Asks: 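Can you read through this structure? Questions will come right after.
Note on naming: letters A, B, ... go to the chains in the order of the sequence lines (proteins, then strands), and numbering restarts at 1 for each one. In this text, all values refer to a predicted model and were calculated from it rather than measured experimentally.
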Protein chains: 4
Amino acid sequence: MARYTEKQKAALDILMKDAVYEHAMKIITDEGLGSLTMERLASDVGVSRGTLYNYFDDRDAVLDYVEERTFGPLLAAIKEVAASDRQPEEKLTKILESIFTGIYEDRALVIALTPNKHSGAKRECQMRRRTSALEAIKVVVNEGIAAEGFKNLSPLLVSELFLGAVTAMIESMVFNGEFQAAEEIVPTMMEIILGGLRKSD
Amino acid sequence: MARYTEKQKAALDILMKDAVYEHAMKIITDEGLGSLTMERLASDVGVSRGTLYNYFDDRDAVLDYVEERTFGPLLAAIKEVAASDRQPEEKLTKILESIFTGIYEDRALVIALTPNKHSGAKRECQMRRRTSALEAIKVVVNEGIAAEGFKNLSPLLVSELFLGAVTAMIESMVFNGEFQAAEEIVPTMMEIILGGLRKSD
Amino acid sequence: MARYTEKQKAALDILMKDAVYEHAMKIITDEGLGSLTMERLASDVGVSRGTLYNYFDDRDAVLDYVEERTFGPLLAAIKEVAASDRQPEEKLTKILESIFTGIYEDRALVIALTPNKHSGAKRECQMRRRTSALEAIKVVVNEGIAAEGFKNLSPLLVSELFLGAVTAMIESMVFNGEFQAAEEIVPTMMEIILGGLRKSD
Amino acid sequence: MARYTEKQKAALDILMKDAVYEHAMKIITDEGLGSLTMERLASDVGVSRGTLYNYFDDRDAVLDYVEERTFGPLLAAIKEVAASDRQPEEKLTKILESIFTGIYEDRALVIALTPNKHSGAKRECQMRRRTSALEAIKVVVNEGIAAEGFKNLSPLLVSELFLGAVTAMIESMVFNGEFQAAEEIVPTMMEIILGGLRKSD
DNA sequence: GATGAATGAGGGTTCATTCAT
DNA sequence: GATGAATGAACCCTCATTCAT
C-alpha cells in the first residue's frame, strides 16, 4: 500500500525535476554557476537540502540534468537538420532557427552552449557536446564548400565562428535581458554569415 | 629602522603588482579561476598571504586588477583604431588584429573578454567594459553603414556578432590549447564578416 | 477493513524481529556496524524505513535487540554451566565450548562480546552484560581456587584474562575470515589457561 | 621576518600536536572513536576547526598520528625484546612489561592494540601493525617451542591468545577506570600463560 | 499498519580574511 | 611592512527520524 501509485510517484518526480530545472536555470542565468549551491537551490525550490538528494545523487547530477535537458533536444534538432536533404545555406539557417527557438523555449541553452563554465569531468562532458554540435555544423559547411557555393575557408574555423557568434549573442541577450529582438537576430546573422560565406563571383 | 621612502614604496607596489598579475594570469589560464586561491597566489608569487592583503583589499581586487590591466590596453587600442581616420573595413580588421595580438601577448584577455564568469558587482563591472568595447565597434559599424559600404543591418547586432565571434574563437583556442592557427583566424573572420557586411552590389 | 487480531499482531512482530535480527547480523558481520543504516536494513529486510520504526523505537533499539538476542542465550549457557555440578576445570572448558559453539551458530556474538564499540547508554548496557558473564566465570574460578585445584591468583584478573583471550581470538577470526581453525582453538586455549591455572604441585 | 622563529614554530607544532593527542585520546577512550569529530576535537583543544586543518590534513591524519604516536614506540620495544638474547620466557615477560608500562605512560595504546575500530584503509593499516606485533611474539613462542621449553602448540594461536588477553585486560582497565591493579596484572598473566605454555614434565 | 517523501542536524573540508607579533 | 596561525562561514553530503496519506 504505497502512499503514491507508480503514476503519482512519477508525477512527483517530474514535478520536482521541473522545479529544480527551472530554479537552477534561473540561478545560473541570473547569478552564475557559482551561486548554484544545494542550499540555495533547495531553498528556491522550497524544499530542504536533504530532499534534493532524494532526487539527485549529488550536485553534479543536478548540473548534468540541467545540461542534458537543455542540450539534448537542441543537439538532436541540429543533427536532424544537418542530415536532411536541404541546401547547405538553408541548413545553416534552419540550425540557427532551431537554436534561437530553443532559447526562447528555454534559456538554459545558454549554459549548454557556453564553454568554460565547469571544470574536470563536467567540463569534458560539456566540451564533448559542444564538439558534437560543432561537428554537425562543420559537415554542413563542408557540403557548402564542396558544392562550390561557399568560399574555400577552414570549415573548422567557420563552424567555430558560427557557433561562437550564436553563443555570444545568446549570452548578450541573457545579460541584457532583451529577448525581444530575437526575430531580428536570425536574419541578421544569416545575412552576414551566409553573405560572407557565399562565393561572390 | 628606516622606513621606505615614498618612491621606494611605489616601486615596491609596482613590483608586487607585476608579480601578482603574472602569476594570477598563469594560474587562471592554466587551471581556471577556481584554482586562484589567495594561498596559491601568494605561494606562487613568493610572499605570504598576509602580504597580498597589503596590496589588494581582497580577492576581488586581485581579479579586478588582472582584468583591468588586461582589458584596459586592449580597450584603448580598440578606441584608438575606431577614432582613427581609416576606412570602416580597415578599422574592423585592425581591431581584430589588436585583439588577437593582445591575446598572444597575454592570454588573460580571455578572462576579460568572456562574460558570465562572475556575479554581483564584479559582473556589472565586467559588463560595463564589454559594453564599452561594443560601443567602439558599433561606432565603426555605423560609419560603414553611413558610408553606404555596409549593409543596413542593426549596428548593435552586428557589433555583438563581431565581438561574440571573437570571444568564442578565443575561448575555443584556450580550450583546445591550439594557439598556432591564429594567423589564419583574422583573415578568415574578416573574410566572412566583412564579406557579409559589405554591400554586394 | 479487518484489523489484525492480537495473535496475528504478535506473530507479525516475531516475523519482523526475526528478519531484522537476521539481516542486521549479516550486515554487521559482513560490513561492520557503520553499514547498518536504517535504510539499508529496511531494504534488506524488504520493508520500508517507516515500518522498521513501527517495531523498533530507534536505531539503538535495533542494536539493543540484536545484542540481547545474541548475548542472552550465551549468558544463560555460561550461567548454567557455572551452576552445574561439574568440576571447575570442566566448567571452564564447557563455557569455552559454549562460546565457540555460539560463535559458529551466530557470528554476531562477536559484537556482543566485544566492548568499546558504542558510547553513552549503549556502552554501559553492553558493559553490564560483559560484567555479568565475567561474574559467572569468576565464580567458577573461585570454586577452583577454593577446591585447591587452581593457583591462588586474583579471580577477577583470571576471569578477565579468560574472557579477554576469548574475545580477542574471536575478533581475530572475524578479521582473518578464518573460522576453520576453531576446533583447534578450544583445546589450545584450555591447555594454556588450565595448564597455567592448575596448581603445579 | 617571520612571526615565529623556526624553533618557535616547531614548538608550536609540538604544542598543538600534544594537545590534539591528549584530547583525542581522552575522547576516544571516554566515548569511542565515533565521538572524535573534528568539531569536538577542536572545541576540546580550544581552537577552531580550521586550525586543526593547519596541523592535520584530514581526520584520518589525526587518527594516524594518534595511532603512530601510541603504537610506534611500543612496537619498537616489543621487537627489541624479541630480538634480544634473553630466554623465551623472559622475553614474553619483558614484552608484557613493555606493554603495560606503555599503557601507564599513555592510555592511547588501547586504541592501537584494539582491532576492529576503523574501516577501509585505516583498518588495514591498523591490522598491519597488530600483525607486526603478533609476528614478533610468534617468533618468541617458536623459540620457546624449539628450545623444548614450551608445549608444542600452534604458535599463531598462542600469540593471538597472548596479545588478545593483553588487549582485553587493557580495555577492561580503561572501562573500569581502574589502573591501580596493574602491578598485579603482569605476574598474574605470566603465571598463567607461561605456566600453561611451559612443558610440564 | 505500511509507506517513503521530507526533514534537518551534523560531519568533513576549504578558503578568504584578520591580526598579534 | 611582512608573516602565517587562527578563524569561521559556507559548501557538499549522509542518515536517523517524522508524518501525511
Asks: Decide yes or no for B/L52 and B/E39: does some side-chain heavy atom of the first lie under 4.5 Å from some side-chain heavy atom of the second?
Replies: no
Asks: Which residue, B/M38 or D/L36, contacts DNA chain E at a nucleotide closer to its 5' end, judged by nearest heavy atom?
Replies: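 It is D/L36 whose nearest nucleotide is closer to the 5' end.
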Asks: Side-chain contact test, heavy atoms from C-beta onward, threshold under 4.5 Å: evaluate it for D/V20 versus D/Y55 and give yes or no.
Replies: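 Not touching, per the 4.5 Å side-chain cut-off.
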Asks: Should C/R59 and C/L41 count as side-chain neighbours, where that means a heavy-atom distance under 4.5 Å?
Replies: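 Counting from C-beta outward, C/R59 and C/L41 never come under 4.5 Å.
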Asks: Remember a base hit wins even if backbone is also touched, and classify A/D58 as base, sugar-phosphate or nothing at under 4.0 Å, heavy atoms.
Replies: sugar-phosphate
Asks: Over how many whole Å does the gap from C/F56 atom CZ to F/dT18 atom C1' extend?
Replies: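 Nearest whole value for this atom pair: 18 Å.
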Asks: Whole angstrom is fine here: how far is it from CE in A/M16 over to P in E/dG4?
Replies: 16 Å
Asks: In whole angstrom, give the distance that lies between atom CD of A/E39 and atom P of F/dA9.
Replies: 15 Å
Asks: How about C/L36 and C/R40: do any of their side-chain heavy atoms sit closer than 4.5 Å?
Replies: no
Asks: Rounded to whole angstrom units, what separation is found between the OH atom of B/Y53 and the C1' atom of E/dC19?
Replies: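 One finds 13 Å between C1' of E/dC19 and OH of B/Y53, rounded.
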Asks: Kindly point out which of E/dA5, E/dA16, F/dA5 is positioned nearest to the side chain of A/L12?
Replies: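 Taking heavy atoms from C-beta onward, the closest nucleotide is E/dA5.
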Asks: Answer with yes or no whether A/N54 presents, from its side chain, a donor or acceptor under 3.5 Å of a partner atom in the base of E/dA6.
Replies: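 Donor-acceptor pair under 3.5 Å: yes.
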Asks: At a heavy-atom distance below 4.0 Å, what parts of residues 43-52 of chain D sit against DNA chain F?
Replies: D/V47, D/S48, D/G50, D/T51
Asks: Answer whether the closest heavy-atom distance between the side chains of C/Y21 and C/K17 falls below 4.5 Å.
Replies: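 Not touching, per the 4.5 Å side-chain cut-off.
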Asks: Could you check if a side-chain atom of D/M16 sits within less than 4.5 angstrom of a side-chain atom of D/N54, using non-hydrogen atoms only?
Replies: no
Asks: Using a heavy-atom cut-off of under 4.0 Å over every strand shown, decide if A/Y55 touches base, sugar-phosphate, or nothing.
Replies: sugar-phosphate
Asks: Side chain of B/R59, heavy atoms from C-beta onward: which of E/dA16, E/dT3, E/dG12 has the nearest atom to it?
Replies: E/dA16
Asks: Taking Watson-Crick and G-U wobble pairs with both distances under 3.5 Å, convert DNA chain E into its dot-bracket string, 5' to 3', dots for unpaired and | for cross-strand pairs.
Replies: .||||||||||||||||||||
